*Asks:* 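Please read through the structure below; I'll follow up with questions.
Just so it is clear, the values below take in all heavy atoms, side chains as well, and ignore hydrogens, waters and symmetry mates. Sequence lines set the chain letters: A, B, ... in the order given, protein chains first and strands last, and positions in each chain run from 1. Quick caveat, the model's predicted, so the values are computed rather than measured.
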Number of protein chains: 2
Amino acid sequence: MIRKHSRQRDSIKQLLMNRTDHPTADTIYTCVREEYPNISLGTVYRNLTLLTELGEISKISTGDGADHFDANTQRHHHFICTRCQAIHDLQMENIDSVMEVASRHCPGQIDTYRINFYGICEDCQTRETDDKRS
Amino acid sequence: MIRKHSRQRDSIKQLLMNRTDHPTADTIYTCVREEYPNISLGTVYRNLTLLTELGEISKISTGDGADHFDANTQRHHHFICTRCQAIHDLQMENIDSVMEVASRHCPGQIDTYRINFYGICEDCQTRETDDKRS
DNA sequence: ATTAATTATGATAATTATTATTGTTATTAA
DNA sequence: TTAATAACAATAATAATTATCATAATTAAT
């Protein structure tokens, strides 16, 4: 299955590399349309799936609506605000030891893992304080 | 918002408490229909959402298709087979230290976290070996 | 026990997120 | 330049979930 180059795919990947939030397919579609007004949402999905399979980007499922995408493929985890749904990258020390702990009672071979941390982000906390004040 | 009791909700929760796999709304619907043949899929979804909000059950999003549900509300994590999609509960030692590690660079207050471990389960590994043999 | 108030239900329509189909266009290698 | 084919845009289809609404079940007060 030889791949051909495509401007649309490049544009999608570039967009994703230039931002640290983690847009959904639909948001990416809206943005890429500024460069390619005729791009189809199907093309966005197709390429996001392809790039994910190739390991060039990764998919984040928060369990709340649409999937999000991330061009940072190094192992890292996410903090998800349960109020505004924003997803923040979490820079953190290596904790692969959790894999070993998990392995001890695991009915299978663990290849990888993902951690989602949930809470209220600083912006929402600030906003809350402001709201009370006014 | 006072709640009224409902037999259907009881049945859904009971079903979930009697099994350790983690059925989807649709599977739950099929099973509960044996007791309540006229129950509607909407009722299943409504009650699963309600029970989740009340903290009596929890929702598992694997990032692959439909959400799954779990009546075990104690903090635990999951091993997801990337071949057969089975979800296994992972009994494991307390690793809340990861929250502290994460907190150090986290732009907000962490309330909770979820870990999904991914890999091939023993059943699928065995099946693979058998397939090669035959 | 009867009634009144209201939540929950079943049936079904609507919505959201995503994938599949198809005829056309762009990319690549010869 | 052309031939082969991957990728495209447009759009239909599907899957998962939520919303609507008239009726039934539950609860609290008589």
Side-chain angles (χ1 to χ4, degrees), chain A residues 1-16 21-54 56-70 80 82 85 87 116, chain B residues 1-16 21-54 56-70 80 82 84-85 87:
Chain A
M1 191 209 303
I2 300 147
R3 302 249 145 254
K4 286 184 182 171
H5 179 257
S6 112
R7 301 144 176 275
Q8 288 90 337
R9 181 155 58 243
D10 277 355
S11 178
I12 289 166
K13 178 152 186 212
Q14 201 54 52
L15 178 99
L16 219 39
D21 66 339
H22 304 83
T24 61
D26 203 65
T27 302
I28 293 165
Y29 171 59
T30 303
C31 297
V32 173
R33 276 221 282 188
E34 288 173 18
E35 194 177 356
Y36 294 95
N38 295 324
I39 198 172
S40 146
L41 183 55
T43 298
V44 174
Y45 271 106
R46 184 162 9 87
N47 281 301
L48 288 172
T49 302
L50 179 60
L51 290 167
T52 301
E53 281 166 6
L54 295 174
E56 295 185 33
I57 66 173
S58 70
K59 190 171 82 165
I60 308 168
S61 299
T62 66
D64 180 86
D67 289 336
H68 295 250
F69 295 87
D70 188 349
I80 297 160
T82 50
Q85 314 300 331
I87 302 172
N116 286 350
Chain B
M1 191 208 304
I2 302 145
R3 300 249 146 255
K4 286 184 185 173
H5 179 258
S6 112
R7 301 144 177 276
Q8 289 89 339
R9 182 154 60 242
D10 277 355
S11 178
I12 289 166
K13 178 152 185 211
Q14 201 55 52
L15 178 98
L16 219 39
D21 66 338
H22 305 84
T24 61
D26 202 65
T27 302
I28 294 165
Y29 171 58
T30 303
C31 296
V32 173
R33 276 222 283 188
E34 289 174 16
E35 193 177 355
Y36 293 95
N38 295 324
I39 197 172
S40 146
L41 183 56
T43 297
V44 173
Y45 271 106
R46 186 161 8 88
N47 281 301
L48 287 172
T49 302
L50 180 59
L51 290 167
T52 302
E53 279 166 6
L54 294 173
E56 296 185 33
I57 65 173
S58 71
K59 190 170 82 166
I60 308 168
S61 300
T62 66
D64 178 87
D67 288 336
H68 295 249
F69 295 87
D70 188 347
I80 297 159
T82 51
C84 70
Q85 313 301 329
I87 302 172

*Asks:* Tell me: CD1 of B/Ile28 to P of D/dA16, nearest whole Å?
*Replies:*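 So the CD1-P distance, B/Ile28 to D/dA16, works out to 14 Å.
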
*Asks:* Taking NZ from A/Lys59 and C1' from C/dA17, how many angstroms apart are they, rounded to a whole number?
*Replies:* 11 Å

*Asks:* Please state how far atom CG in B/Asp64 lies from atom C1' in D/dA16, giving the value in whole angstrom units.
*Replies:* 13 Å

*Asks:* Pick base, sugar-phosphate or nothing for B/Asp26, based on heavy-atom distances below 4.0 Å to the nucleic acid.
*Replies:* nothing

*Asks:* Specify the separation, in whole Å, of atom CZ of A/Phe69 and atom P of C/dA17.
*Replies:*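 It works out to 12 Å between those atoms.
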
*Asks:* Measure the distance from CD1 on B/Ile39 to C1' on D/dT23 and round it to the nearest whole Å.
*Replies:*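 Taking atom C1' of D/dT23 as the reference, CD1 of B/Ile39 is at 16 Å.
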
*Asks:* Quick one: which protein N/O atoms are closer than 3.5 Å to N/O atoms of nucleotides 26-30 of chain C? Pair and distance per line, please.
*Replies:*
unit_1 : atom_1 : unit_2 : atom_2 : d
C/dT27 : OP1    : A/Arg7 : NE     : 2.6
C/dT27 : O2     : A/Lys4 : NZ     : 3.0
C/dT28 : OP1    : A/His5 : N      : 3.3

*Asks:* Does the side chain of A/Lys59 come within less than 4.5 Å of A/Leu48's, by heavy atoms?
*Replies:*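 Answer no - side chains too far apart.
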
*Asks:* From CZ of B/Arg46 over to P of D/dT20, roughly how many Å is that when rounded to an integer?
*Replies:* 13 Å

*Asks:* Are any of B/Tyr45's side-chain N or O atoms less than 4.0 Å away from OP1 or OP2 of D/dT18?
*Replies:*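 Answer is no, no contact under 4.0 Å.
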
*Asks:* If you check every side-chain atom of A/Asn47, which of D/dA9, D/dC8, D/dT17 has the closest atom?
*Replies:*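 For A/Asn47, the side-chain atoms sit closest to D/dC8.
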
*Asks:* Please give, in whole Å, the distance from C/dT16 P to B/Asp67 CG?
*Replies:*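 Distance, rounded to whole Å: 17 Å.
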
*Asks:* OP1 or OP2 of D/dC8 sitting under 4.0 Å from any side-chain N/O of A/Ser40?
*Replies:* no

*Asks:* Ignoring hydrogens and geometry, is there a side-chain-to-backbone donor-acceptor pair from A/His22 to A/His68 under 3.5 Å?
*Replies:*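 Judged by distance alone, no pair lies under 3.5 Å.
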
*Asks:* Counting just side-chain N and O atoms, does B/Arg9 come under 4.0 Å of either OP1 or OP2 of C/dA8?
*Replies:* yes

*Asks:* A side-chain contact here means heavy atoms from C-beta on lying under 4.5 Å apart; do B/Leu16 and B/Pro23 qualify?
*Replies:* yes

*Asks:* B/Lys13 side chain to B/Leu51 main-chain N or O, any donor-acceptor pair under 3.5 Å?
*Replies:* no

*Asks:* Roughly, in whole Å, what's the span from CG in B/Leu48 to P in C/dT9?
*Replies:* 11 Å

*Asks:* Just by distance, do the side chain of A/Arg9 and the backbone of A/Arg46 share a donor-acceptor pair under 3.5 Å?
*Replies:*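 Checked: no pair found.
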
